[in-house]
Trainee: 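Can you read through this structure? Questions will come right after.
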Amino acid sequence: TLETRSGNHFGLEVLSDSSCEQCPRYGKARVLGTRSKYTEVIRWPTVLVLHLKRWAWTPTGLRKIQHPIAFATKLSLPDTSPYCLRSVIVHAGDAGAGHYVSYVRAQNDRCFFCNDNDTPLEVPTETVLRAQAYLLFYEKTPHAGDVRASSTLRPTPPEVPARSAAASSSACAQTNA
């Protein structure tokens, strides 16, 4: 899941048998031995943007990575309040060509499929969660008493006319594994 992948990104990582990128000029890469790195977040942002790797270079060129990555409407990370899914960007097409589309969750928790060829289409949350995400946008949920992080201080966007009467439920209230 996304939480497992992101959780593994932070903290201490031991880099065994690391090599120097500049050393090939001396004949071959020189192994420097074991090193370590530590990754931490000093202050979590209000809006967290996660870029998922969807491209890989192969001997024949660029290819699109198609395997699904599970993500949820709520994202829990260490040392911060949870984040709520706001938008998903998807690349439709192959590595050489395609089109970017998005799924957006409005303030009223209704989800919409958006592209520049048509008007927004209301879709169920389950459709959003099955998307092959390229970018994920999460908004931090406010701490109790934290007025600065409250979404009620932001103006609510005007209602977007829906093209379907799909049933909608609170996207952040659901538990997704």
Side-chain angles (χ1 to χ4, degrees), residues 1-10 41 43-77 80-142 146 148-177:
T1 68
L2 183 63
E3 287 176 321
T4 303
R5 290 173 185 259
S6 61
N8 293 340
H9 180 74
F10 302 104
V41 175
R43 184 172 43 120
W44 289 95
T46 302
V47 176
L48 180 66
V49 181
L50 300 175
H51 175 230
L52 306 178
K53 183 178 178 183
R54 287 290 180 193
W55 312 105
W57 285 103
T58 66
T60 58
L62 188 65
R63 90 174 160 81
K64 186 174 178 181
I65 299 171
Q66 299 282 351
H67 70 271
I69 297 175
F71 58 95
T73 57
K74 260 195 175 169
L75 178 64
S76 298
L77 296 170
T80 187
S81 57
Y83 281 84
C84 186
L85 183 67
R86 278 293 178 197
S87 181
V88 178
I89 308 295
V90 176
H91 179 265
D94 295 325
H99 189 76
Y100 289 96
V101 295
S102 65
Y103 293 94
V104 178
R105 199 184 108 248
Q107 293 285 340
N108 60 7
D109 284 338
R110 292 168 50 197
C111 295
F112 295 90
F113 173 76
C114 303
N115 70 44
D116 57 359
N117 296 329
D118 213 342
T119 58
L121 171 67
E122 186 171 0
V123 295
T125 302
E126 294 74 29
T127 300
V128 177
L129 296 175
R130 284 192 304 267
Q132 287 202 4
Y134 175 65
L135 290 170
L136 296 167
F137 292 79
Y138 282 91
E139 181 180 35
K140 187 186 278 191
T141 57
D146 187 359
R148 292 172 296 142
S150 175
S151 61
T152 59
L153 297 178
R154 275 180 269 117
T156 302
E159 284 292 317
V160 177
R163 290 189 294 144
S164 91
S168 158
S169 59
S170 175
C172 272
Q174 297 180 1
T175 336
N176 301 303

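For this chain, numbers begin at 1 and follow the sequence in order.
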Trainee: Residues two or more places apart in sequence or in another chain: which of them pass side-chain contact (heavy atoms from CB on, under 4.5 Å) with L135?
Mentor: V49, H51, I89, F137

Trainee: With heavy-atom distances below 4.5 Å as the criterion, would you say the side chains of P45 and Y83 are in contact?
Mentor: yes

Trainee: To the nearest 0.5 Å, what is the distance between OH (Y103) and CG (L121)?
Mentor: 9.0 Å

Trainee: Could you tell me whether the side chain of S81 and the main chain of T141 form a donor-acceptor pair under 3.5 Å?
Mentor: yes

Trainee: Nearest 0.5 Å, please: how far is OH in Y100 from OH in Y134?
Mentor: 4.5 Å

Trainee: Do L129 and V88 come within less than 4.5 Å of each other through their side chains, counting heavy atoms only?
Mentor: no

Trainee: Measure the NE2-CD distance between H91 and Q132 for me, rounded to the nearest 0.5 Å.
Mentor: 11.5 Å

Trainee: Could you pull out all residues at least two apart from D116 that satisfy side-chain hydrogen bond (donor to acceptor under 3.5 Å, both in side chains)?
Mentor: H99

Trainee: Going by the rule side-chain contact (heavy atoms from CB on, under 4.5 Å), which residues pair with V104 if we only count those two or more places apart in sequence or in a different chain?
Mentor: S87, S102, C114

Trainee: Distance-only, no hydrogens or angles: does the R110 side chain make a donor-acceptor pair with backbone N or O of V123 under 3.5 Å?
Mentor: no

Trainee: To the nearest 0.5 Å, tell me how far L75 CG sits from L136 CG.
Mentor: 8.5 Å

Trainee: For the CG atom of L85 and the CD atom of E139, what is their distance to the nearest 0.5 Å?
Mentor: 10.5 Å

Trainee: What distance do T127 atom OG1 and F112 atom CZ have between them, rounded to the nearest 0.5 Å?
Mentor: 13.0 Å

Trainee: Please answer whether the main-chain N or O of R105 pairs with a side-chain N or O of R86 as donor and acceptor at a distance below 3.5 Å.
Mentor: yes

